[in-house]
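Have a look at the structure below, then the notes.
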Amino acid sequence: MKAARLIDGVVTVVDAPTPEPGIDQVLVHITAAGVCHSDLHLARGDWAGVGVDGERPLGHEAIGVVEALGPGAVRWVAVGDRVILGLGGTGGGFWCGACEYCLAGQPRHCSQSVGIMGVFAEQFVVYAPGLVVVPDELSDLEAPLACGGLTAYGAVRKLFAHGVQPGSTVAVVGAAGGLGHYAVQLLDAFGYRVVGIDIGDDRLEFVRDLGAELAVSPDDAPAAVAEAFGGVHASLVFSAKIAGYQLGLQLLRKGGVFVAVGLPASSEGNMQLNPFDLLMRDPTIVFSAVGTVQEMRELVDLAARGVVRTHVSRTGPISELDEIFDELAGARYLGRAVITDLGA
Ligand SMILES: [Zn+2]
Ligand SMILES: [Zn+2]
């Protein structure tokens, strides 16, 4: 089978042997795989040099068809099932189900948790309990729901957990991007008032179309938000820039909730917190990473009902992956790119 690997820092398509499903695993024939910013960061060695040496698989959000079952997997899926897989890469490969964190609904923190990486391939072996069967009305181009969509949904759910009620004002920093565009749709559907922040007229128009009440550039955001709302109740920061983190914090009203999602390159340095500003505004600061298989089921249901959909600006074969990474690095897309032919 064809598979994309990062070999000594170079994205390379190789011929690899078909993997064998083990206990509770299945072999999935991948029909579409989304290109996530995390893949780009790994491929370019942005995160403290991770991925610079040796060989590693790439890709962690996909839709495919179950081809073969390992022992025990029959309890979860059947051959021929069309499934979405990924759970944001940092979950979904395995979780024990029995530890303190698993039982508290935080399998990402499970000490036995295994991520998913390697769906830029014709076939992939995956832990069957992490799969969600997708209905026919969901197209293959919805593959980015598996990480981008789930991560955005998980961030929106943090608002529920921290008491930010529908009707409140929420800033989405990086609103036209691969994650932000889901968050704008979900927040609008759940009754929040959305301030979408991004760069460029076409991106701001896109954000308005998705349901944002106000769409502004980062430069204009502080004055526009102050005038329209006097500050936001929450900021969801999908931007992978420290400047986006600072802006999200700056826009909060007193007692606001700051939800960090984007992971800037290590070279971007650190977010600055001024203790007097903390005293005066008393924000709640949390990080939100991906979601659970239950949240994936809910999101698939929301997508099947048309509440949220993936905006795909670019499709291509696996051989164009490196080119797509360059385009993604240059922020040349609204929404997402999807590899639709894993064999060419
Ligand atoms: Zn991802
Ligand atoms: Zn566990």
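What you see is a predicted model; the values in this text were computed from it and never measured. Counting starts at 1 for both ligands and their atoms, following the listed order.
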Give a rough value, rounded to 10 degrees, for the angle at the Zn ion (ligand 2) between atoms SG of Cys96 and SG of Cys99.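 The two atoms subtend 110° at the Zn ion (ligand 2).
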
Only to 10 degrees, please: what angle do the SG atom of Cys110 and the SG atom of Cys102 make about the Zn ion (ligand 2)?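 About 110°, to the nearest ten degrees.
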
Are Gln294 and Glu298 close enough that a side-chain donor and a side-chain acceptor fall under 3.5 Å?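 Judged by distance alone, the side chains do pair up.
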
Look at His109 and state whether any of its N, O or S atoms is less than 2.8 Å from the Zn ion (ligand 2).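 No.
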
Where the Zn ion (ligand 1) is the vertex, angle from Cys147 SG to Cys36 SG to 10°: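 Answer comes to 130°, rounded to 10°.
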
Is the distance between the ring centroids of Tyr101 and Trp95 under 6.0 Å?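 For Tyr101 and Trp95, the ring centres are not under 6.0 Å apart.
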
Test of ring centre spacing under 6.0 Å for His311 and Phe206: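 That pair passes the under 6.0 Å test.
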
Salt bridge between Arg336 and Glu142, side-chain N to carboxylate O under 4.0 Å?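 Salt bridge flag = no for Glu142 with Arg336.
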
